[in-house]
Amino acid sequence: MRSVEEHRAAVLALVGPTPAQAVSVGAALGRVLAADVTAAVDLPGFDNSAMDGYAVRAADLAGAHESAPVVLPVDGDVAAGDTARHVLATGRTMRIMTGAPLPDGCDAVVPVERSDGGADRAALTLEPEVGRHVRRRGEDVRAGDVVLPAGTLVGPGHVALAAAANVPEVTVHRRPRVTVVSTGDELVPVGSSLEHGQIVDSNHLMLRALVEAAGAEVAAGVHLRDDADAVRAFLEAPDGDPDLVITTGGVSMGAYDTVKEVLSEVGGVEFVKVAMRPGMPQGCGTVAGSGVAVVTLPGNPVSSFVSFHVFVLPALRAMAGLDPAVDGGFEAVAGEGWSTVPEKLEATRVVEEDGVVRRSGGQGSHMLGALAEATALALVPAGTEHVEAGASVHCVPLLGHDRTRG
Ligand SMILES: Nc1nc2c(c(=O)[nH]1)N[C@H]1C(S)=C(S)[C@@H](COP(=O)(O)OP(=O)(O)OC[C@H]3O[C@@H](n4cnc5c(N)ncnc54)[C@H](O)[C@@H]3O)O[C@H]1N2
Ligand code: MOO
């Protein structure tokens with residue numbers, strides 16, 4: 001049997017980073033920078049006031065105090081957005097608002113709270129030091145600084161910084177494009193009236209949701225019956241011009257396991273047993289002839305879900321320009337004991353709260369009822385028969401519950 005690491009490496013070998021493209025900074029959320037972002041302007045762009053108050057020359061307020069105000073004539077206002085260049089004369093003040101450019105000659109700001117609020121003459125009760133309540137040009141960022149390095153997964157704060165640095169477009173990796181294929185004669189669309197033996201094609205919607213939750217794009221989605229010709233025709237020329245095709249179902253030992261049957265015949269895709277539970281039957285490769293990269297996931301819903309996290313997610317990260325090895329893994333304490341199979345790595349679906357994990361109900365690979373509550377996978381290594389209550393277990397967060405991916 002192949003180890004989890006070996007199969008993950010085989011899947012990763014199929015893919016590489018997607019090409020770079022320019023996008024407007026406002027559309028960069030969730031994308032990975034393919035090039036450094038360099039500030040076009042200083043931040044702040046000009047010396048400005050941190051307070052609503054009075055622009056002053058600090059030396060004019062020597063000795064000012066609550067009990068000994070210094071009264072200065074007010075030479076008008078400077079508001080945020082005022083583009084005029086004002087000059088502050090010695091022995092005078094101007095009312096100034098937060099973010100407004102400092103008049104030439106001004107070296108401090110007295111907050112309005114330390115005044116009588118006068119508009120023509122103001123009594124000021126603070127003796128400020130030079131620089132008090134002043135935000136200096138370039139104190140945060142200098143024009144020409146690399147503010148975001150290539151490889152950054154763009155979050156809201158990164159969008160804000162690039163925009164403030166007056167960078168209208170950034171270069172990012174194209175979102176990985178994934179075509180999702182579900183297979184099986186028993187499957188019908190959600191909302192159908194179910195005949196005996198039929199089930200809803202939930203993996204299809206589940207895998208689409210996982211692809212999107214991973215920040216990738218669903219290039220196309222299709223359900224195929226267990227018809228070898230239809231499966232062959234689709235996999236040789238899949239819809240959506242995808243970077244990767246993921247299939248679910250039809251990879252085990254059954255008489256109608258069409259994906260395995262067809263791709264074994266076409267060639268280029270290897271079908272293996274991986275020492276993992278759930279998710280033992282797996283396949284991956286490039287379809288001979290077309291060169292389409294395919295990862296074939298098992299059909300059992302929980303197996304498919306777990307396999308996506310363990311094998312497909314690292315590949316999507318690599319395609320997006322991220323480090324595939326970063327998985328947000330964390331150590332937790334088992335809040336209860338449970339048995340596992342010693343021959344395989346067991347991906348127990350768990351609920352994590354305050355660093356303590358418990359199983360999320362039944363662990364059967366068909367049990368979506370128990371899966372939905374899970375927040376993480378506890379990865380119990382092969383060789384373990386029982387996880388003892390109180391033991392430390394290594395966990396990875398499920399998509400939507402990630403804490404430290406990036
Ligand atoms: N004789 C053996 N039988 C099985 C083995 C084995 O080693 N020897 N392995 C078992 C394991 S482990 C798994 S996992 C499954 C994998 O089977 P397939 O990938 O071939 O999947 P199917 O047979 O098509 O379906 C399995 C199961 O999942 C349901 N299913 C399939 N697709 C969907 C979907 N899109 N949405 C919802 N549910 C789906 C399907 O109805 C079956 O119940 O094989 C075991 N058997
Ligand atoms: O591995 Mo299957 O994936 O155990 O149900």
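Remember, it's 1-based here, ligands and their atoms both numbered in the order they're listed.
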Side chains of [Y] and [X]: any donor to acceptor distance under 3.5 Å?
| X | Y | answer |
| --- | --- | --- |
| H223 | S182 | no |
| T340 | T384 | no |
| Q363 | T348 | no |

Are V4 and F311 close enough that some pair of their side-chain heavy atoms sits under 4.5 Å apart? yes
Quick one: which of E352, E336, E373 gives a salt bridge (Lys or Arg N to Asp or Glu O under 4.0 Å) with R359? E336
Starting from the N and O atoms of ligand 2, collect every protein N/O partner closer than 3.5 Å and put each pair on its own line with the distance to 0.1 Å.
from, atom 1, to, atom 2, distance (Å)
ligand 2, 1 (O), G279, N, 2.6
ligand 2, 1 (O), M280, N, 2.9
ligand 2, 3 (O), G279, N, 2.5
ligand 2, 3 (O), S303, OG, 2.6
ligand 2, 5 (O), N300, ND2, 3.1
ligand 2, 5 (O), S303, OG, 3.0
ligand 2, 5 (O), S365, OG, 2.7

Is E270 salt-bridged to R2, cutoff N-O under 4.0 Å? yes
Show me the side-chain donor-acceptor pairs of residues 15-35 shorter than 3.5 Å, one per line, residues at least two apart or across chains.
from, atom 1, to, atom 2, distance (Å)
T18, OG1, R174, N, 3.3
T18, OG1, R174, O, 2.5
T18, OG1, M319, O, 3.2
Q21, OE1, R31, NH2, 2.4
R31, NE, H173, O, 3.4
R31, NH2, H173, O, 3.2

Heavy-atom contacts with ligand 1 below 4.0 Å: which residues, ordered by chain and residue number? S182, E186, L187, I199, V200, D201, S202, N203, G249, G250, V251, S252, M253, D257, M280, P281, P298, G299, N300, P301, S303
Using the salt bridge (Lys or Arg N to Asp or Glu O under 4.0 Å) rule, collect all pairs that involve residues 105-126, keeping only residues at least two apart or in two chains. E66-R114
Taking CD in E129 as the centre, count heavy atoms belonging to other residues, nucleotides or ligands within less than 6.0 Å. Is the count above 12? yes
